[in-house]
Trainee: 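Right, I'll just put the structure down here and ask away after.
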Amino acid sequence: MAARTERLRISGNVLSLPLRPPAVLARAAASLDRLSHGRFELGLGAGAFWDGIEGMGARRLTAGQGVTALREAIDVLRGVWDDTATGPLRLDGEYYPIPGMQRGPKPAHDIDIWLGAYQPKMLALTGQKANGWLPTLEYLRSPDRVTANRLIDEAAVAAGREPREIRRLLNLFTVDVSSRSRGFLQGPVEQWVEQLLPLVLEEGFSTFLIGRDDPRLIQTLGQEIAPALREAVATERAGGAVGTGPARTTVALAERHPGLDYDALPRSLATRSVEPGDQEYERVRHTYSWHGSPALVLRPQTAAEVVDAVSYARTQDVPLSVRSGGHGISGRSTNDGGVVIDMSRMSTVEVLDRATRRVRLEPGARWGDVARALAPYGLAMSSGDYGDVGVGGLATTGGVGYLARKHGLTIDHVVAAEIVTADGRLLRVDDEHHPDLFWAVRGAGGNFGVVTALELEAYEVDNVVYAQLVADATDTAPLLRRWGQLVEDAPRELTSFLSLFPGRRGNPPAA
């Protein structure tokens, strides 16, 4: 399923804990999340099937023991995924002890754990540790539905969490679409919307999972029911900010910087922001070269969202940094107490016209991605010496690469740019439109705005020969002179870089 889709989230619904040891499950989940580029979530239950495995040495658990086992399993899962912790994972568990285990692999994103839980202690555990609650519609028809959400919310508050942090999902199995009403969620689209709307507004459910393989039902859900329900919810919530952004714990809220107005953040960026205290903050606060403690990291996905980010930043009396790849050698890709506009989610690479060799690159792409995208067309672009370097920072400052002697710098091939200026305008600049700004973009870095796309003329590249030679550099000055003369005499197709290393452990200096 993950291999044949690009946007769908993938999840077990729900996986039975007795059948899957959490240490093994953690690695399987992380691997699938990486293979799907961050689209796996984990539905988990304390489990049926204890009868089937009792013969293999497992023992039947009471409800209280099931809660303990599930609590330990969640700690194991998150411990395996935690790449910020030092040393191996060790947990002293009753059901899942870990005497010592290497952590990893790290998932591509923070995997949600959804619990299919019903008993009061399980509901409390959902509020304390889970990212979501995943009951079935049949359960919600029972009198327990009144107290279930309350138990989750109370447990969340007691654990220092915001109740909205726990996503409410609902399994719908006995449902159908028909021309007339035949019962709850068994009727026309209008009936579905009318009956689901209270579950969203009053019960807090935001996700509905259809447990049937009826193509007509799935198509109607995607094309008619979901859009109509979203519109109805938006209409009911018009004028308010309820549910517009991610829920944050009281601990995370306490980490906010006092000099920034978080509530003024545009709605378009509510789900694109990372604050101190958020789980992803450690991944986005620093660059490869510099440590930082920004008050807010914004990760826009469109040029319009970049406009909103720049306009918001102008209203805040804090530093503003722009980041593409994250190496940030100059130190201007992060800051302390300010706003960072992280362009990593704008990473499209597109060949616009093979005949004219024109390509369009978004700044969050990496040069390795560019090389892979251009190679099938027989094209290339001189772009630094490492494939993980970001497009935006290099293509607005210079761009020395392995093809530089033949084809020049990266900025020599920029023919147009799309840029958001400090006054919030999105401009297209080239030789005929804003030529002074176009001149400045090629070499001035981020000083004149936030580049949201670049158009370049790539060049024809066929076979490539690469060699790495090591020479004794004891006679350093003569070696440098000989190397320099060799490069001057070599044809332009050859570019050479030299690195000089001091002698170590009795070995001579090397080049």
Trainee: Can we call the ring centroids of His433 and Phe438 under 6.0 Å apart?
Mentor: no
Trainee: Verify, without hydrogens or angle tests, whether Ser347 (side chain) and Ala365 (backbone) share a donor-acceptor contact under 3.5 angstrom.
Mentor: no
Trainee: Go through it in stages, so that I can follow the logic: the residues are Phe448 and Leu437, the test is side-chain contact (heavy atoms from CB on, under 4.5 Å), and I'd like the CA-CA distance, side-chain angles, deciding distance and then a yes or no.
Mentor: CA-CA 8 Å; Phe448 288 87; Leu437 181 55; 3.8 Å; yes
Trainee: Which distance, rounded to the nearest 0.5 Å, do you find between the CG of Leu77 and the CG of Leu44?
Mentor: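 Leu77 CG to Leu44 CG: 6.5 Å, rounded to 0.5 Å.
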Trainee: Report yes or no: does Ser324 contribute a side-chain atom to a donor-acceptor pair with the main-chain N or O of Gly393 at less than 3.5 Å?
Mentor: yes
Trainee: Would you confirm whether Ser268, through its side chain, and Glu305, through its main-chain N or O, come within 3.5 Å as a donor-acceptor pair?
Mentor: no
Trainee: Using modelled atom types and a 3.5 Å cut-off, is there a donor and acceptor pairing between side-chain atoms of Ser383 and backbone atoms of Met381?
Mentor: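 Looks like yes, one N/O pair under 3.5 Å.
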Trainee: Under a 4.0 Å threshold between the charged nitrogen and the carboxylate oxygen, would Arg283 count as salt-bridged to Asp110?
Mentor: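 The answer is yes: the pair qualifies as a salt bridge.
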Trainee: Using modelled atom types and a 3.5 Å cut-off, is there a donor and acceptor pairing between side-chain atoms of Ser321 and backbone atoms of Ser333?
Mentor: no
Trainee: Less than 4.0 Å between a side-chain N and a carboxylate O, is that true for Asp342 and Arg299?
Mentor: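 No.
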Trainee: Could you walk me through whether Thr207 and Leu209 pass the side-chain contact (heavy atoms from CB on, under 4.5 Å) check?
Mentor: CA-CA 7 Å; Thr207 304; Leu209 307 178; 3.8 Å; yes
Trainee: Side chain to side chain contact (heavy atoms under 4.5 Å, CB included) with Leu298: which of Leu265, Val284, Asp308?
Mentor: Leu265
Trainee: Is there a donor-acceptor contact under 3.5 Å from the side chain of Arg78 to the main chain of Lys129?
Mentor: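 Checked: pair present.
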Trainee: With ring-ring contact (aromatic ring centres under 6.0 Å, His included) as the rule and sequence neighbours excluded, what pairs involving residues 281-301 come up?
Mentor: His286-His291, Tyr288-His327
Trainee: For Thr287 and Arg323, what are the C-alpha separation, side-chain angles and deciding distance, and is it a side-chain hydrogen bond (donor to acceptor under 3.5 Å, both in side chains)?
Mentor: CA-CA 9 Å; Thr287 69; Arg323 174 192 303 160; over 6 Å; no
Trainee: Would you say that Val429 contacts Trp439 through its side chain, given a criterion of any heavy-atom pair below 4.5 Å between the two side chains?
Mentor: no
Trainee: Return the minimal non-hydrogen interatomic distance between Pro363 and Ala453, and the atom names on each side.
Mentor: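 Closest approach of Pro363 to Ala453: CD-N, 4.1 Å.
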Trainee: Around Asp317, counting heavy atoms of other residues, nucleotides and ligands shown, do more than 12 lie under 6.0 Å from its CG?
Mentor: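 Result for CG/Asp317: open.
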Trainee: With the side chain counted from C-beta on, respond yes when Val349 and Val359 share a heavy-atom pair under 4.5 Å apart, and no when they do not.
Mentor: no
Trainee: Which heavy atom of Pro294 sits nearest to which heavy atom of Thr334, and what is that distance?
Mentor: CD-OG1, 3.9 Å
Trainee: Of all heavy-atom pairs between Ala295 and Pro276, which one has the smallest distance, and what is that distance?
Mentor: O-CD, 3.1 Å
Trainee: Does Arg428 use its side chain to pair, donor to acceptor, with the backbone of Glu418 at less than 3.5 Å?
Mentor: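 No; judged by distance alone, with no hydrogens or angles, the pair does not exist.
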Trainee: Between Arg7 and Thr5 (side chain of the first, backbone of the second, donor and acceptor by atom type, cut-off under 3.5 Å), is there such a pair?
Mentor: no
Trainee: Step by step, work out the side-chain contact (heavy atoms from CB on, under 4.5 Å) result for Asp33 and Arg39.
Mentor: CA-CA 6 Å; Asp33 193 56; Arg39 294 187 290 121; 5.5 Å; no
Trainee: Between Arg34 (side chain only) and Lys106 (backbone N and O only), is there a donor and an acceptor less than 3.5 Å apart?
Mentor: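 It does hold such a pair.
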Trainee: Within a strict 4.5 Å, meaning less than it, do heavy atoms of the Val415 and Leu456 side chains meet?
Mentor: no
Trainee: For Thr410 and Trp367, run side-chain contact (heavy atoms from CB on, under 4.5 Å): C-alpha distance rounded to whole Å, both residues' side-chain angles, the deciding distance at 0.1 Å, then the answer.
Mentor: CA-CA 11 Å; Thr410 305; Trp367 285 107; 3.8 Å; yes
Trainee: Looking only at side-chain N and O atoms, does His407 offer a donor or acceptor that is under 3.5 Å from a partner on Asp412?
Mentor: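 Looking only at side-chain atoms, His407 and Asp412 do not form any donor-acceptor pair under 3.5 Å.
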Trainee: Could you state the interatomic distance from CG (Leu379) to CD (Glu457), rounded to the nearest 0.5 Å?
Mentor: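 So the CG of Leu379 and the CD of Glu457 are separated by 11.0 Å.
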Trainee: State the CG-NE2 distance between Leu403 and His413, to the nearest 0.5 angstrom.
Mentor: 9.0 Å
Trainee: For the pair Arg372 and Asp369, find out whether any cationic side-chain nitrogen is under 4.0 Å from an anionic carboxylate oxygen.
Mentor: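 Here Arg372 pairs with Asp369 in a salt bridge, since their nearest N and O are under 4.0 Å apart.
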Trainee: Is Leu454 close to Arg360 at the side-chain level, that is, under 4.5 Å between some pair of heavy atoms?
Mentor: no
Trainee: Quick one: does Leu25's side chain get under 4.5 Å of Leu15's, heavy atoms only?
Mentor: yes
Trainee: Any side-chain to backbone donor/acceptor pair from Tyr262 onto His257? Under 3.5 Å, distance only.
Mentor: yes
Trainee: For the residue pair Val451 and Val441, establish whether any side-chain heavy-atom pair is separated by less than 4.5 Å.
Mentor: yes
Trainee: With a cut-off of under 6.0 Å to the ring centre and 45° to the axis, is Arg354 in cation-pi contact with Tyr377?
Mentor: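 Judged by the rule, Arg354 and Tyr377 form no cation-pi pair.
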Trainee: With a 4.5 Å heavy-atom cut-off, do Glu236 and Val233 have their side chains touching?
Mentor: no
Trainee: Check Arg161 with Asp153, please: is the shortest side-chain N to carboxylate O separation under 4.0 Å?
Mentor: no
Trainee: Tell me whether Arg167 at atom CZ has more than 12 heavy atoms from other residues, nucleotides or ligands lying less than 6.0 Å away.
Mentor: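 Result for CZ/Arg167: enclosed.
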Trainee: For Arg366, is there an ion pair with Asp388 - N to carboxylate O distance below 4.0 angstrom?
Mentor: yes
Trainee: For Val193 and Ile225, work out which heavy atoms get closest and say how close.
Mentor: CG2-O, 4.2 Å
Trainee: Crowded around Glu350 CD? As in, over 12 foreign heavy atoms under 6.0 Å?
Mentor: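 It does: Glu350 CD has more than 12 such atoms within range.
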Trainee: Does a donor on one side chain sit under 3.5 Å from an acceptor on the other, for Thr348 and Glu362?
Mentor: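 Side chains of Thr348 and Glu362: pair found under 3.5 Å.
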Trainee: Counting only heavy atoms from other residues, nucleotides and ligands, does the tally under 6.0 Å from OH of Tyr386 exceed 12?
Mentor: no
Trainee: Looking only at non-hydrogen atoms, find the nearest pair between Ala473 and Leu479 and report the distance.
Mentor: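 So the two residues come closest at CB-CD2, 3.6 Å.
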Trainee: Near Glu460 CD, under 6.0 Å, is it more than 12 heavy atoms from other residues, nucleotides or ligands?
Mentor: yes
Trainee: Looking only at non-hydrogen atoms, find the nearest pair between Arg405 and Leu494 and report the distance.
Mentor: NH1-O, 2.7 Å
Trainee: State the CD1-OG1 distance between Ile152 and Thr126, to the nearest 0.5 angstrom.
Mentor: 5.0 Å
Trainee: So, taking the atom named CG in Asp112 and the one named OG in Ser11, what distance separates them when rounded to the nearest 0.5 Å?
Mentor: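 It is 9.0 Å, given to the nearest 0.5 Å.
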Trainee: Do the side chains of Phe205 and Trp133 get nearer than 4.5 Å, heavy atoms only?
Mentor: yes
Trainee: For the atom pair CD (Gln316) and CG (Asp261), what is the distance rounded to the nearest 0.5 Å?
Mentor: 5.5 Å
